[in-house]
Peer 1: 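Quick one: the structure is below, questions incoming.
Letters go in sequence order (proteins before strands), and every chain restarts at 1.
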Protein chains: 2
Amino acid sequence: MSTNPSIDAVRWLNPDQERAWRAFLRITVAVQAGTARDLAAIGLSEPDYEVLSTLSERPGHTSTLGEQADKMGWSRSRLSRHATRMAARGLLKRTPDPNDGRGCFLVLTAQGLAVLEDAAPAHVESVRRHFIDRLTPADLIAIEQIARRLEEPQASEDRPVT
Amino acid sequence: MSTNPSIDAVRWLNPDQERAWRAFLRITVAVQAGTARDLAAIGLSEPDYEVLSTLSERPGHTSTLGEQADKMGWSRSRLSRHATRMAARGLLKRTPDPNDGRGCFLVLTAQGLAVLEDAAPAHVESVRRHFIDRLTPADLIAIEQIARRLEEPQASEDRPVT
DNA sequence: ACGGATTCGTTGACATGTAATCAATCTAGC
DNA sequence: GCTAGATTGATTACATGTCAACGAATCCGT
């Protein structure tokens, strides 16, 4: 098929492996696209929702920027920029940290909380519709198991390739 | 835990479902991050690799922009922008389409082909290391099955929510 | 108390993705 | 065969994320 012999010579994955890998790639884009589209319909992006949701779970709906970034697995830079945009939309606000002159708190505003309360049930419904309800209980267990295997540290993880 | 009663009242997923959903989110970021990092080490992004790889499979290493975009599931805009950047790096070039004054061909350059030939084995190795080799054959089959279920059109897919 | 090292958050330069836009082509009706 | 509207092709404005560098505040050994 290919006009390029040297590429054809590459030892690729076997058919089962290849299908699984491509299936995996398709799954991720399909599900994420579905849930993201549903959230967009109510004026939130997936990152927006994550910020609102995780902030709402903290006492006083408050967290330092760094702590929040770590908890979400985001860079500080990313959260700082995103918080600025969300603050401009009135969803949260910054407050100086009395204990650390360098730091700042992110605080959910009343409006931010209201938006989240409106969005949360819709988002859960979306996750059900695009993911949970389409799978069997056995599938859900399989996914957990796969996650566990993928997260297992590998013996040769950080060894040089040579 | 939460100081906000109304959020707690949201009917969330049951524990099994919740764990599966979170596991799914973790899986996608972990695997994609792993393979993307390996590609970045040899100077390519994941999208770069996709373009090189799919272009190399066509006769003359050539395709119209639109056809290529469709085949990859990308928007024309996205591919156009990406092609411009890759052209600036010498990986491919544009040629006018004699049959359609609006259109253009994307053609892999010799350098682009060389880069791909260098990258392909490394990428396959990366997919193995971050994904295939960590899973059992049964896991791979489960993933295909899950993909099939997720891609099945749902009866009430496009019905209004009300 | 002092001074260097570290940490916090922000910002500038840049890469990348999506939505709006402009231009060329096709097509139906005359 | 010509023209107006719809369709299709590709590029440009805008939003968002990353990396590196920075100023300010804090920590800590002396």
Peer 1: Do the charged groups of A:D97 and A:R102 touch, with an N to O distance under 4.0 Å?
Peer 2: no

Peer 1: Pick from A:T62, A:V107, A:L55, A:L113: which one makes a side-chain contact (heavy atoms from CB on, under 4.5 Å) with A:L92?
Peer 2: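 Exactly one option meets the side-chain contact (heavy atoms from CB on, under 4.5 Å) with A:L92, and it is A:L55.
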
Peer 1: Please work out which of the three classes, parallel, tilted or perpendicular, describes the rings of B:H123 and A:W21, given edges at 30° and 60°.
Peer 2: perpendicular

Peer 1: Looking at every heavy atom in both A:I143 and B:A20, which two are closest together, and how far apart are they?
Peer 2: CG2-O, 3.8 Å

Peer 1: If you compare all heavy atoms of A:D16 against all heavy atoms of B:E144, which two are closest, and at what distance to 0.1 Å?
Peer 2: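 That would be O-OE2, 4.2 Å.
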
Peer 1: Quick one: A:F105 CZ to C:dC8 C1', roughly how many Å, whole number?
Peer 2: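 For the pair A:F105 CZ and C:dC8 C1', the rounded distance is 13 Å.
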
Peer 1: Please report the closest heavy-atom contact between B:H82 and B:D48, naming both atoms and the distance.
Peer 2: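 Closest approach of B:H82 to B:D48: NE2-OD1, 2.6 Å.
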
Peer 1: Indicate the atoms forming the closest heavy-atom contact of B:G112 with B:L52, along with that distance.
Peer 2: O-CD2, 4.1 Å

Peer 1: When you check the side-chain N and O atoms of B:R89 and B:T109, is any donor under 3.5 Å from an acceptor?
Peer 2: no

Peer 1: Between A:S80 and A:R76 (side chain of the first, backbone of the second, donor and acceptor by atom type, cut-off under 3.5 Å), is there such a pair?
Peer 2: no

Peer 1: Mapping B:G103 and A:S45 to their closest nucleotides on DNA chain D, which lands nearer the 5' end?
Peer 2: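 The 5'-side residue here is B:G103.
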
Peer 1: Which atom pairs link the protein and nucleotides 21-24 of chain C when you take only N or O atoms and keep those under 3.5 Å?
Peer 2:
residue	atom	partner	partner atom	Å
C:dA24	N3	B:R102	NH1	3.0

Peer 1: Can B:R94 and B:T84 be said to form a side chain to side chain donor-acceptor pair (under 3.5 Å), step by step?
Peer 2: CA-CA 9 Å; B:R94 278 183 168 83; B:T84 302; 3.3 Å; yes

Peer 1: Which residues pass the ring pair (Phe, Tyr, Trp, His ring centres under 6.0 Å) test with A:F105, not counting sequence neighbours?
Peer 2: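 By the ring pair (Phe, Tyr, Trp, His ring centres under 6.0 Å) rule, A:F105 matches no residue at all.
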
Peer 1: Of the listed nucleotides (C:dG17, C:dT10, C:dT18), which one gets closest to any side-chain atom of A:L65?
Peer 2: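 It is C:dT10.
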
Peer 1: Take the protein atom CZ of A:R76 and the nucleotide atom C1' of C:dT10, then report the distance between them rounded to whole Å.
Peer 2: 12 Å

Peer 1: Does any residue of residues 78-89 of chain A have a heavy atom under 4.0 Å from DNA chain D, and if so, which ones, in number order?
Peer 2: A:R78, A:R81, A:H82, A:R85

Peer 1: Within the 4.5 Å heavy-atom criterion, are B:R78 and B:M72 side-chain neighbours or not?
Peer 2: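 In short, these two side chains do not touch, never coming nearer than 4.5 Å.
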
Peer 1: Apply side chain to side chain donor-acceptor pair (under 3.5 Å) to the pair A:D139 and A:T136, showing each step before the final yes or no.
Peer 2: CA-CA 5 Å; A:D139 289 337; A:T136 67; 3.2 Å; yes

Peer 1: Might you point out which heavy atoms bring B:L79 and B:A69 nearest each other, and give the distance in Å?
Peer 2: CD2-N, 3.5 Å

Peer 1: Hey, is the side chain of B:S77 pairing donor to acceptor with the base of C:dA20 inside 3.5 Å?
Peer 2: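 Side chain to base: no pair present.
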
Peer 1: Roughly what angle, to 10°, lies between the helix axis at the start of the helix from C:dA1-D:dT30 to C:dC30-D:dG1 and the one at its end, five pairs per end?
Peer 2: 10°

Peer 1: For residues 25-33 of chain A, which residues have at least one heavy atom under 4.0 Å from DNA chain D?
Peer 2: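 None, since no heavy atom is under 4.0 Å.
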
Peer 1: Taking any atom under 4.0 angstrom from a heavy atom of chain A, which nucleotides of DNA chain D are the first and last to qualify, 5' to 3'?
Peer 2: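 Counting from the 5' end, contacts occupy D:dT16 to D:dT26.
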
Peer 1: Ignoring hydrogens, what is the shortest heavy-atom contact between B:R129 and B:R134? Give both atom names and the distance.
Peer 2: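 Heavy atoms only, the tightest pair is O-NE, 3.0 Å.
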
